[in-house]
Amino acid sequence: VTLRTIHDLKDLPKYVIVPLNKRNQQIFEPYKINIETGEIELIYENTDVKNPAVSYVFDSKGNLRALKKRKNGVDYVLEYKVIGENTFKEVITTSWKESFSILSFLSENSDIAYVVTNLNSDKEEIVLYDLKKKKIVKHLFSNNTYDANSISISKKRNYELDYYWFNGEKETIIPVSNYFKKIYKKLNDKFAPHSFDIVSKTDNEDRLLIFVYSDTLYGQYYQYNVAKDSFKMLEDLMPNLAPSTMAKMTPISFKTRDGLTVYAYLTLPKNAKKGKTPMIVNPHGGPYGIRDSWGFNPEAQLFASRGYATLQINYRGSGGYGKSFYLAGSKQIGRKMLNDLEDGVQHVIDQGIIDKNKVAIYGASYGGLATLGSLIKTPELYVCGVDYVGVSNFFTFVNSFPEYWKPLMKQFYEQWYNPEVPEEKEIMTAVSPALNIDKLNKPVFVVQGANDPRVNINESDQIVSSLRKKG
């Protein structure tokens, strides 16, 4: 049984709602669980196997207000139950290439919701949407470069909108309400230049739990007493790590060979010598819809403490940079997505920062695939690599998918590669490192978990056994 996102119920603190695949491994159904007694109750039967519900929206009392169904494997239908009615009706259908998600309702008794969507734009924006009339009421917030992500509202103050949030070069809060603007100023005055998140708040909003962090500060939790205007540190997560000794993470950007703007983060050791610093390229996993972000990165700090720079590139297909950037990665694994890594490395080399003869590559999951693929595609660029739970063979990877991934196969074939299409089958063979082992001539260290459900150990075994046979 696999667990999905836990839904807290503000008005029913003894309960949570958890989607589980108890009755069918491919389908998730929401269960209401009493966290004190362990009593469990199925609250929605997800019986349409061909077009199952894949996500749910509940109110604070645990009432199901909306659900999203996957249709034909690639489309998503949002169904909503209008207040006062008893049946769910279709509101809108989107493809996997588009987004339309309910963030919150204007109030408990409103059919108008805050929605994050990119249906009418390249970047995800936050809008007010009337689910009964099926139309946008108002465009609220967007950014020209980055997707909008979320909002915060105050239930105590009649669902007043306090702020927007998005992940740009750094995580960014945009204050909206006059009340929160005052709170934000106090927090910013206290913690800047560090970043901070409001993790939680009491129901009457008299105390806030604040997480403070930066690229050099691992993290600290504070309690802010609103009435007393006082701060109390609750926990310093890594008190032995002095921020003054940590390396800075710098946001950078560059143009790829085909003219795409790509964003990245470069962490340099404190005493980096220009042109003499070795560098580790660290592509993130996913690959689609995921991105690296600014903040304290333990691995980058470890590498910096040993004298290595770290380059983290949000290559095409990464999330957070708009629809066209996301879709630019489709069917580009092992191809243009690796070009982006190469172009990023060249950009840093051109700045005269690193030693071009001492560049390594290390990644996990897709990052492991990118590591192996890069060592094969451009061995002249890298001296060695570390493949951590990386995919090595597209054909065996697809055959190892767990049951709850099977309903996603149509989308997978549209976004990755489809072995039933002759041209794509050829590409799959060409970009599968295990099938091109004769071209892998640089030192590589392979790391794998024996029970990994996402990337089966067979993916690493193929690389290791083939390299050992090769000698």
Side-chain angles (χ1 to χ4, degrees), residues 169 214-216 218 241-257 262-285 287 291-315 318 337-390 433 439-448 463 467:
E169 284 190 350
S214 74
D215 52 346
T216 59
Y218 186 85
L241 295 181
S244 61
T245 65
M246 297 293 106
K248 301 290 291 182
M249 175 186 281
T250 303
I252 64 171
S253 65
F254 59 90
K255 286 282 188 180
T256 63
R257 66 193 70 178
V262 171
Y263 297 86
Y265 295 95
L266 179 64
T267 302
L268 292 173
K270 291 185 72 66
N271 298 316
K273 295 181 180 179
K274 196 166 185 179
K276 295 185 178 181
T277 302
M279 185 173 75
I280 298 169
V281 181
N282 183 211
H284 64 73
R291 60 161 288 182
D292 279 318
S293 300
W294 184 88
F296 192 99
N297 186 293
E299 289 186 335
Q301 293 295 343
L302 173 65
F303 298 150
S305 72
R306 302 306 192 263
Y308 295 90
T310 299
L311 179 62
Q312 297 169 276
I313 298 171
N314 286 322
Y315 45 79
S318 298
M337 291 167 84
L338 293 188
N339 292 354
D340 292 346
L341 301 184
E342 298 156 20
D343 294 346
V345 171
Q346 190 59 53
H347 171 78
V348 178
I349 290 174
D350 291 344
Q351 309 306 307
I353 299 170
I354 65 166
D355 185 341
K356 65 179 182 179
N357 296 313
K358 292 184 179 180
V359 180
I361 183 166
Y362 151 63
S365 192
Y366 164 78
L369 171 60
T371 293
L372 296 171
S374 294
L375 293 177
I376 290 171
K377 183 173 180 288
T378 50
E380 70 280 1
L381 196 59
Y382 305 102
V383 295
C384 63
V386 177
D387 161 31
Y388 181 25
V389 295
K439 300 175 184 177
L440 183 52
N441 298 309
K442 290 296 177 75
V444 58
F445 181 58
V446 180
V447 185
Q448 175 70 47
I463 291 293
L467 285 175

J.: Does the ring center of Y315 lie less than 6.0 Å from the ring center of Y366?
T.: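 Yes, they do, as the ring centres are separated by less than 6.0 Å.
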J.: Do other residues, nucleotides or ligands put more than 12 heavy atoms under 6.0 Å from the NZ atom of K439?
T.: no
J.: Tell me whether Y218 at atom OH has more than 12 heavy atoms from other residues, nucleotides or ligands lying less than 6.0 Å away.
T.: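 No, the 6.0 Å shell around OH holds no more than 12 heavy atoms from other groups.
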J.: Please determine whether the number of non-hydrogen atoms from other residues, nucleotides or ligands lying under 6.0 Å from atom NZ of K358 exceeds 12.
T.: no
J.: Might you point out which heavy atoms bring A309 and L268 nearest each other, and give the distance in Å?
T.: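 Residues A309 and L268, closest heavy atoms: CB-CD2, 3.6 Å.
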J.: Do L440 and L467 touch side chain to side chain, with heavy atoms closer than 4.5 Å?
T.: yes
J.: Is any side-chain heavy atom of T256 closer than 4.5 Å to a side-chain heavy atom of N339?
T.: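 Counting from C-beta outward, T256 and N339 never come under 4.5 Å.
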J.: What pair of heavy atoms forms the shortest contact from T371 to D387, and how long is it?
T.: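 For T371 versus D387, the nearest heavy atoms are CG2-N, 4.2 Å.
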J.: Using salt bridge (charged side-chain N to carboxylate O under 4.0 Å, His left out) as the criterion, list what pairs up with D215, not counting sequence neighbours.
T.: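 In terms of salt bridge (charged side-chain N to carboxylate O under 4.0 Å, His left out), with neighbours along the sequence ignored, D215 is linked to K248.
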J.: Any side-chain donor-acceptor pair under 3.5 Å between Q301 and N297?
T.: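 Side chains of Q301 and N297: no pair found under 3.5 Å.
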J.: Taking K442 for its side chain and Y382 for its backbone only, find out whether a donor-acceptor pair lies under 3.5 Å.
T.: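 Yes, the answer is positive, given that a donor and an acceptor are paired below the 3.5 Å cut-off.
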J.: Using atom types as modelled and distance alone, determine if a side-chain donor or acceptor of W294 lies under 3.5 Å from a backbone N or O of M249.
T.: yes
J.: Hey, what do you get for OG1 (T267) to CE (M246), rounding to the nearest 0.5 Å?
T.: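 Result: 12.0 Å between the selected atoms.
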J.: Do L341 and P283 come within less than 4.5 Å of each other through their side chains, counting heavy atoms only?
T.: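 Yes, at least one pair of side-chain atoms sits under 4.5 Å.
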J.: CZ of F296: more than 12 outside heavy atoms within 6.0 angstrom?
T.: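 Buried by this count: over 12 neighbours within 6.0 Å.
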J.: Testing the basics here: between K274 and G352, what is the closest heavy-atom pair and its distance to 0.1 Å?
T.: CG-O, 2.8 Å
J.: Measuring only between side-chain heavy atoms, which start at C-beta, is L381 closer than 4.5 Å to S374?
T.: no
J.: Got a second to check how far K276's NZ is from I353's CD1, nearest 0.5 Å?
T.: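 Output value for this atom pair is 16.0 Å.
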J.: Quick check: do P269 and T277 have side-chain heavy atoms less than 4.5 Å from each other?
T.: yes
J.: From Q312 CD over to I280 CD1, what is the distance, rounded to the nearest 0.5 angstrom?
T.: 11.0 Å
J.: Between V389 and A364, which heavy-atom pair has the shortest distance, and what is it?
T.: CG2-CB, 4.2 Å
J.: Answer yes or no: are there more than 12 heavy-atom neighbours, outside D350 itself, under 6.0 Å from its atom CG?
T.: yes
J.: Without swapping roles, check the side chain of Y308 against the backbone of L302 for a donor-acceptor pair under 3.5 Å.
T.: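 Such a contact is absent between Y308 side chain and L302 backbone.
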J.: Please check if the side chain of K270 supplies one atom and the backbone of S244 the other of a donor-acceptor pair under 3.5 Å.
T.: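 Looks like yes, one N/O pair under 3.5 Å.
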J.: Would a 4.5 Å heavy-atom cut-off, applied to side chains only, mark V262 and D343 as touching?
T.: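 Not in contact.
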J.: Please report the interatomic distance CD(E380) to CG(L375), rounded to the nearest 0.5 Å.
T.: 11.0 Å
J.: Less than 3.5 Å apart, any donor N or O on the side chain of E299 or Y362 sitting next to an acceptor on the other?
T.: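 The criterion, which ignores hydrogens and geometry beyond distance, is satisfied for Y362 and E299.
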J.: Nearest 0.5 Å please: distance from the NE2 atom of H347 over to the CD atom of E342.
T.: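 The CD atom of E342 is 15.5 Å from NE2 of H347, to the nearest 0.5 Å.
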J.: Do M279 and L266 make a side-chain contact, defined as non-hydrogen atoms from C-beta onward lying under 4.5 Å apart?
T.: yes
J.: How far apart are the closest heavy atoms of L338 and G373, and which atoms are they?
T.: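 Here L338 and G373 meet closest at CD1-C, 3.7 Å.
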J.: What are the two closest heavy atoms between T310 and F303, and how far apart are they?
T.: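 Of all heavy-atom pairs spanning T310 and F303, the closest is OG1-CD1, 3.4 Å.
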